[in-house]
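Predicted model only: the values in this text are computed from it and were never measured. In each ligand, atom 1 is the first atom listed, and ligand 1 is the first ligand listed.
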Amino acid sequence: MSDDTEKTYEPSERVQKEAHVKDMETYRKMHKLSLDDPEKFWSDIAKQFYFKSPVTGKFLDYNFNIKNGPIYIKWMEGAVTNICYNCLDKHVKDGKGDVIAFYWEGNDPMDCTTITYSRLLEEVCKFSNILKSLGVKKGDRVAIYLPMILELVVAMLACARLGFIHSIVFAGFSAESLSSRILDAKADILITADGCFRGAKLVDLKKIADEAIHKCTEHNHKIKACITVKHVTDKSYCDDVTERPAKRPTNQMEVAWNPEVDKWYHELMADSSAECEPEWMESEESLFMLYTSGSTGTPKGVLHHVTGYMLYAATTHKYSFDYHPGEVYFCTADIGWITGHTYITYGPLLNGATSVLFEGTPLFPDCSRLWSIVDKYQVSKFYTAPTAIRALMKYGEEPVQRFKRTSLKVLGTVGEPINPEAWIWYHKVIGNSQCCIVDTFWQTETGGHVLTPMPGCTPTKPGAATFPFFGVEPAVLTDEGKEVEGPGKGYLVFKRPWPGIMRTVYGDHARFEKTYFSKFPGYYVAGDGCTRDEDGYYWITGRIDDMLNISGHLLSTAEVESALIKHASVSEAAVVGKPHSVKGFCIYCFVTLKEGIKFTDDVVKELKLRVREDIGPIGTPEYIQYAPGLPKTRSGKIMRRVLRAIAQGRRDMIGDISTMADESVVETLFGTRPPQNSD
Ligand code: WT7
């Protein structure tokens, strides 16, 4: 095994033959041009899209150095376009209206349908008209809390069509998380569904949405309209598109209804017009916001603008997956995360792609589900997360071998550093050693891939995100902020903007500047550690701030701590990540209880539930450890490094504790470790 992990893998020949970029020399040339002459490079790409009118200001204008004034980034200033138009109308006008945009594959394998570009355009226009009739105006925020159904794509594109800023909240988040995001965005329209199935479990989405609406009212914020898609209690609009098997799960779920606010999606759609002129948008007008955890405070509303995001989503999707029209592409992410925004909706649609939109999970009804989907639709480009690969590895090769997978050509991964063993398994077992692996590094903030191999040319090394995408200029900095030349390790930073970079934190530009631009003036700081090897390959080593990466999703230690502190028994809490064989990291909490309160199994259960209710299932702690005291410096700062060592039971990792206020805490905490799971 160890030999395989240290090898370099040349691109598979069958991929290389047809690739957009066939050799490293071409990649280097294109990358160099993208840095030497961004205007030439990106204006050629912009020709693929429809612009109502051209650039009036500078092609690129920015300030990346906080010392020189406020940070700003402007691409193709003054040009006028519409991303929804480029995703749909343009293809329909080009005679490609009958191409399938999505194969929708439900949670139940018998439940599936398809939608073409022209049908999707009609649905989007109808829904745009509905939003307009509800009084939504350009620049208003619309909250979307939906499962992976076609109506989610319809809703987001309807917003994009009219310049409404969508704020999609992953349907696994709690009522508390949903309401705080609605409040921060000041959204007064919410779009949800009656419910959804996740594997065998029914999730009552409308009930959670109602709770969130109630919480908003408590903060004097009124939701004007809540539009609900009938998904599990009855049929939805797309039933007439193709036959849908009668196997659709039905149940007796009650949907509470407030006639003043609640509206059924299908009733509104029934008499809405399918004609809707797009709102023509300037390049630097807002497209969408998406919340991501920050290492301090509440989640940040990462704001993306129209044109830069459009250019970048399409171009990265085309090159990183080497996508060619006619191929079937399948990304397993949820649209509630940035991966789904860029690589299920916008990127693929801009490229006229045919994609699989999958509602379910890799383990339902069994662990070969993903490969059955690959064979069913003859998927050639496939994109998933290391945590899914590791979860499936546990079941061995047999469930994979039940399916042929011969259509696969490119296998992508995203979300966290992939361990070389999982990389090799992905390559050998899933890809039959015939596919190219692309380990794509990026963030909600970057809008699209910033470090990634290109399937047809980049020799890959298991665990390396390899090289920068076009327009991206990375650097590695030391603690002192000096650029590392050649091989070395340090902070991953970027020296200039690429089109897809976020423009601000919604409603808090100062936080944007502070989070990403203040540590090292002149650079965008990603928050990840990184190594550059002797061949110039970039290897991401993980977060270097107080962020936890749980199954490829970021949570801050502060968010979990504040959920714990809300419990009446807790006086203090500190949270760290502990390595986990499937999730990458799991949540490990240390809690100090108030005087007179006993640490019992019930307290542990309540605290786990508390965090789960506050954040959602992904926030559920794996461990709650009793901590009579926490390791702190004399100035009162919690020493998380020490807590991480204790969580892992590793005395050898404790390191220097001479700055600790009370060293005896360490031994006490080794004594109160709870039984550890063998994950
Ligand atoms: C953080 C961003 C971008 C979509 C999913 C996560 C980690 C992401 C990789 C990768 C190593 C990765 C980083 C990054 N990350 N992709 N290929 N290799 N680490 O989006 O929630 O904004 O998280 O995910 O730590 O900073 P996100």
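Contacts between Thr339 and ligand 1 below 4.0 angstrom, taking non-hydrogen atoms only, involve the side chain exclusively. The proximity of Thr440 to ligand 1, defined as any non-hydrogen pair under 4.0 Å, is limited to the backbone. The proximity of Thr446 to ligand 1, defined as any non-hydrogen pair under 4.0 Å, does not occur for either the backbone or the side chain. Contact annotation: for Gln443 versus ligand 1, heavy atoms closer than 4.0 Å belong to both the backbone and the side chain.
Close approach of ligand 1 to Asp439 is summarised as follows: ligand atoms under 4.0 Å from at least one heavy atom of the residue are 10 (C), 17 (N), 18 (N). Heavy-atom proximity to Asn549, at under 4.0 Å, picks out these atoms of ligand 1: 7 (C), 24 (O). Atoms of ligand 1 found under 4.0 Å from any heavy atom of Leu554 (numbered from 1 in listed order, with element): 1 (C), 2 (C), 21 (O), 23 (O).
With salt bridges taken as basic N to acidic carboxylate O contacts below 4.0 Å, none links Glu6 and Lys461.
Checked options Lys578, Lys583, Lys608, Arg612; the residue passing with Glu622 is Lys583 (criterion: salt bridge (charged side-chain N to carboxylate O under 4.0 Å, His left out)). Residue Tyr312 forms a ring-ring contact (aromatic ring centres under 6.0 Å, His included) with just one option from Trp75, Tyr346, Phe469, and that option is Phe469.
No side-chain donor from either of Thr446 and Gln443 sits under 3.5 Å from a side-chain acceptor of the other. Between the side chains of Glu559 and Ser293, at least one donor-acceptor pair of N or O atoms lies under 3.5 Å. A donor-acceptor contact closer than 3.5 angstrom is absent between the side chains of Tyr72 and Glu513. A donor-acceptor contact closer than 3.5 angstrom links the side chains of Tyr343 and Thr316.
With respect to atom 11 (C) of ligand 1, the closest heavy atom belonging to the protein is Pro417 N, 3.1 Å. In terms of protein heavy atoms, atom 2 (C) of ligand 1 is closest to Trp442 O, 3.7 Å. If you check which protein heavy atom lies closest to atom 22 (O) of ligand 1, you get Thr444 OG1, 2.6 Å. For atom 10 (C) of ligand 1, the nearest non-hydrogen atom of the protein is Glu416 O, 3.5 Å. Residue, atom and distance of the protein heavy atom nearest to atom 14 (C) of ligand 1 are Asp528 OD2, 3.3 Å.
Between Tyr9 and Trp423, the ring planes lie tilted relative to each other; the angle falls in the 30° to 60° range.
Counting only non-hydrogen atoms, the option in Gly584, Gly552, Gly529 that gets closest to atom 6 (C) of ligand 1 is Gly552.
By the 3.5 Å distance cut-off applied to N or O atoms, Gly415 is counted among the residues near ligand 1. Inclusion of Thr413 in the set of residues having an N or O under 3.5 Å from an N or O of ligand 1 is not warranted.
Within the 4.5 Å cutoff, side-chain heavy atoms of Ile344 are placed close to those of Leu357.
Between His553 and ligand 1 there is no heavy-atom distance shorter than 4.0 Å.
Judged by the 6.0 Å distance and 45° axis criteria, Arg181 is positioned over the aromatic ring of Phe173.
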